[in-house]
Visitor: 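Here's a structure for you.
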Amino acid sequence: MNSAMISIKNLHKSYGAQEVLRNISLDVGSGEVVAIVGPSGSGKSTLLRCVNFLETFASGSITVGGEAIGYRESGGKRRLLEEREIDRQRAEIGMVFQKFNLFAHMTVTQNLIEAPVQVCHQKPDVARRYGLELLQKVGLEEKRDAYPEHLSGGQQQRVAIARALAMRPKVMLFDEPTSALDPESVGEVLNVIRQLAGEGMTMMIVTHEIGFAREVSDRLVFMDDGRLVEVGPPSEVIGNPQNERTRAFLSKVL
């Protein structure tokens, strides 16, 4: 594994008295794909949202590309970054959600160029050219002038992936990207993620598609009750789980 692109150290996150992440430590190497599986409520999505700082956290640290996310340590105290700094950091961390969250009043191309133009101050023609390249990558170049309501769920999700890539992120985070899709659309979206993995994109993928996780990931993480229960090569975690909780979970989903 190369040097860590994402480094999570002793991460704790609570909602009131409920601790949802318990002392999470995980490094993701540059170009590595880590898949995260586990039951609902185990903290998988919350972990991703902390990496992108859509959620604050009580203690611990997260770095992406060597830069501390969300906070700075100074004089032994932790200080929340200013919002513009947090926005800059988020712009370098692509995230794709279960729901596509496309702007309904914008065409596909307008969805892709909005953030690069408004946030990164790219020239519209430069952003448009790259956006069309990304649409070609996800197999939707012919939909560039369509509105989201005229796209299938799988097509909308592929546009959402292209929109995240339009910011040229350092890493990509996927939170159950296929959970709302029909079987045919699932395959289309997974093919795009598979292509990104082949190109060396650093990724963390929360998924219930165990077969896909086994195929595409370099390491598989099983989470339960806010903890990392088991981490290892997918063939080992799935084929020969060492923890009883992992075995119980896999017996229900395989």
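Small disclaimer: the values here were computed from a predicted structure and weren't measured. What's counted below: heavy atoms across the whole structure, side chains too, no hydrogens, waters or symmetry copies.
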Visitor: Who are the salt bridge (Lys or Arg N to Asp or Glu O under 4.0 Å) partners of E73, not counting sequence neighbours?
Guide: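 Checked E73 against salt bridge (Lys or Arg N to Asp or Glu O under 4.0 Å); zero matches.
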Visitor: Counting only heavy atoms not in E184 (residues, nucleotides, ligands), do more than 12 fall under 6.0 Å from its CD?
Guide: no
Visitor: Working to the nearest 0.5 angstrom, can you tell me the gap between F57 CZ and I24 CD1?
Guide: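 So the CZ of F57 and the CD1 of I24 are separated by 12.5 Å.
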Visitor: What pair of heavy atoms forms the shortest contact from L102 to P148, and how long is it?
Guide: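 For L102 and P148, the tightest heavy-atom pair comes out as CB-CG, 3.9 Å.
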Visitor: Going by salt bridge (Lys or Arg N to Asp or Glu O under 4.0 Å), name the residues that satisfy it together with R72, two or more places apart in sequence or in a different chain.
Guide: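 Salt bridge (Lys or Arg N to Asp or Glu O under 4.0 Å) check on R72 returns E67.
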Visitor: List in chain and number order the residues that pass salt bridge (Lys or Arg N to Asp or Glu O under 4.0 Å) with E19, two or more places apart in sequence or in another chain; answer none if no residue qualifies.
Guide: R22
Visitor: Pairs of donor and acceptor atoms involving the side chains of residues 232-242, under 3.5 Å and at least two apart or interchain, shall be tabulated with distances.
Guide:
from: Q242; atom 1: NE2; to: N240; atom 2: O; distance (Å): 2.8

Visitor: Nearest 0.5 Å, please: how far is CG in L134 from CD1 in I113?
Guide: 12.5 Å
Visitor: Which residues satisfy the side chain to side chain donor-acceptor pair (under 3.5 Å) test with D182, sequence neighbours excluded?
Guide: S185
Visitor: Exactly one of V231, T46, T246, L21 should register a side-chain contact (heavy atoms from CB on, under 4.5 Å) with M223. Which one does?
Guide: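 Only match with M223 under side-chain contact (heavy atoms from CB on, under 4.5 Å): L21.
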Visitor: Distance-only check: which donor-acceptor pairs under 3.5 Å involve side-chain atoms of residues 135-142, not counting sequence neighbours?
Guide:
from: K137; atom 1: NZ; to: E199; atom 2: OE1; distance (Å): 2.9
from: K137; atom 1: NZ; to: E199; atom 2: OE2; distance (Å): 2.8

Visitor: For Q122, check side chain to side chain donor-acceptor pair (under 3.5 Å) against everything at least two apart and list the hits.
Guide: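 Expected list: none.
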Visitor: Kindly write out the residues that satisfy side chain to side chain donor-acceptor pair (under 3.5 Å) with R49, not counting sequence neighbours, or none if the list is empty.
Guide: E55
Visitor: Do S7 and D27 have a side chain donor and acceptor closer than 3.5 Å?
Guide: yes
Visitor: Quick one: do F174 and M95 end up in the same hydrophobic cluster if we chain Ile, Leu, Val, Met, Phe, Trp and Tyr together by side-chain heavy atoms under 4.5 Å apart?
Guide: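 No, no single cluster joins them.
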Visitor: Just how far is it from atom CE of M5 to atom CE of M201, taken to the nearest 0.5 Å?
Guide: 9.5 Å
Visitor: Examine I36 and V186 and state if one hydrophobic cluster contains both, with Ile, Leu, Val, Met, Phe, Trp and Tyr joined whenever side-chain heavy atoms are less than 4.5 Å apart.
Guide: no
Visitor: Starting at CD1 of I6, measure out to CD of E32 and round the result to the nearest 0.5 Å.
Guide: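 Atom-to-atom, I6:CD1 and E32:CD are 9.0 Å apart.
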Visitor: Hey, can you pull the donor-acceptor pairs under 3.5 Å for the side chains in residues 103-110, sequence neighbours left out?
Guide:
from: T107; atom 1: OG1; to: Q110; atom 2: N; distance (Å): 3.2
from: T107; atom 1: OG1; to: Q110; atom 2: OE1; distance (Å): 3.4
from: T109; atom 1: OG1; to: R144; atom 2: O; distance (Å): 2.8
from: Q110; atom 1: OE1; to: T107; atom 2: N; distance (Å): 2.8

Visitor: Applying the 4.5 Å side-chain criterion to the ILVMFWY set and letting contacts propagate, would L173 and V96 be lumped into a single cluster?
Guide: no
Visitor: Show the numbers, then the answer: is there a side-chain contact (heavy atoms from CB on, under 4.5 Å) between F53 and V64?
Guide: CA-CA 11 Å; F53 210 66; V64 175; over 6 Å; no
Visitor: So does G31 get a backbone contact from the side chain of T202, meaning a donor-acceptor N/O pair under 3.5 Å?
Guide: yes
Visitor: When you measure from the side chain of D175 to the backbone of Q98, do you find a donor-acceptor pair of N or O atoms at a distance under 3.5 Å?
Guide: no
Visitor: Without swapping roles, check the side chain of R78 against the backbone of A58 for a donor-acceptor pair under 3.5 Å.
Guide: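 Checking the backbone N and O of A58 against the side chain of R78, a donor-acceptor pair under 3.5 Å is found.
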Visitor: Apply salt bridge (Lys or Arg N to Asp or Glu O under 4.0 Å) to R194 and list each qualifying residue two or more places apart in sequence or on a separate chain.
Guide: E215
Visitor: Roughly how far, to the nearest 0.5 Å, is the CE atom of M172 from the CD1 atom of I93?
Guide: 12.0 Å
Visitor: Looking only at heavy atoms, which two atoms of R219 and L26 are closest? And how far apart?
Guide: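 Closest heavy-atom pair between R219 and L26: NH1-CD1, 4.0 Å.
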Visitor: Ignoring hydrogens and angles, tell me if any N or O in the side chain of K44 forms a donor-acceptor pair with the backbone of G38 under 3.5 Å.
Guide: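 Yes; at least one donor-acceptor contact below 3.5 Å.
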Visitor: Mind checking whether F249 and F222 have parallel, tilted or perpendicular rings, split at 30° and 60°?
Guide: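 Geometry flag for F222 against F249: tilted rings.
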Visitor: Among all residues two or more places apart in sequence or in another chain, which pass the side chain to side chain donor-acceptor pair (under 3.5 Å) test with N10?
Guide: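 In terms of side chain to side chain donor-acceptor pair (under 3.5 Å), with neighbours along the sequence ignored, N10 is linked to N23.
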Visitor: Measure the CD-CG distance between Q157 and L151 for me, rounded to the nearest 0.5 Å.
Guide: 12.0 Å
Visitor: Test side-chain contact (heavy atoms from CB on, under 4.5 Å) on Y15 and V20; report intermediate values, then the result.
Guide: CA-CA 7 Å; Y15 295 120; V20 293; 3.5 Å; yes
Visitor: Kindly determine whether L181 and E188 satisfy side-chain contact (heavy atoms from CB on, under 4.5 Å), including the steps that lead there.
Guide: CA-CA 10 Å; L181 303 179; E188 295 169 351; over 6 Å; no
Visitor: Please tabulate, for side-chain N and O atoms in residues 203-211, each donor-acceptor pair with protein atoms closer than 3.5 Å (sequence neighbours left out).
Guide:
from: T207; atom 1: OG1; to: E209; atom 2: N; distance (Å): 2.9
from: H208; atom 1: ND1; to: E176; atom 2: OE1; distance (Å): 2.7

Visitor: Taking the side chain as every heavy atom from C-beta outward, state whether L196 and I161 have any atom pair closer than 4.5 Å.
Guide: yes
Visitor: Taking the basic N atoms (NZ, or NE/NH1/NH2) and the acidic carboxylate oxygens, is any pair closer than 4.0 Å for D87 and R90?
Guide: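 Here D87 pairs with R90 in a salt bridge, since their nearest N and O are under 4.0 Å apart.
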Visitor: If hydrophobic clusters are built by linking Ile, Leu, Val, Met, Phe, Trp and Tyr wherever their side-chain heavy atoms come under 4.5 Å apart, do V34 and I193 end up in the same one?
Guide: no
Visitor: Are V51 and V33 co-members of a hydrophobic cluster defined by side-chain heavy atoms under 4.5 Å apart?
Guide: no
Visitor: Should the heavy atoms of other residues, nucleotides or ligands under 6.0 Å from NZ of K123 be counted, would the total exceed 12?
Guide: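 Open.
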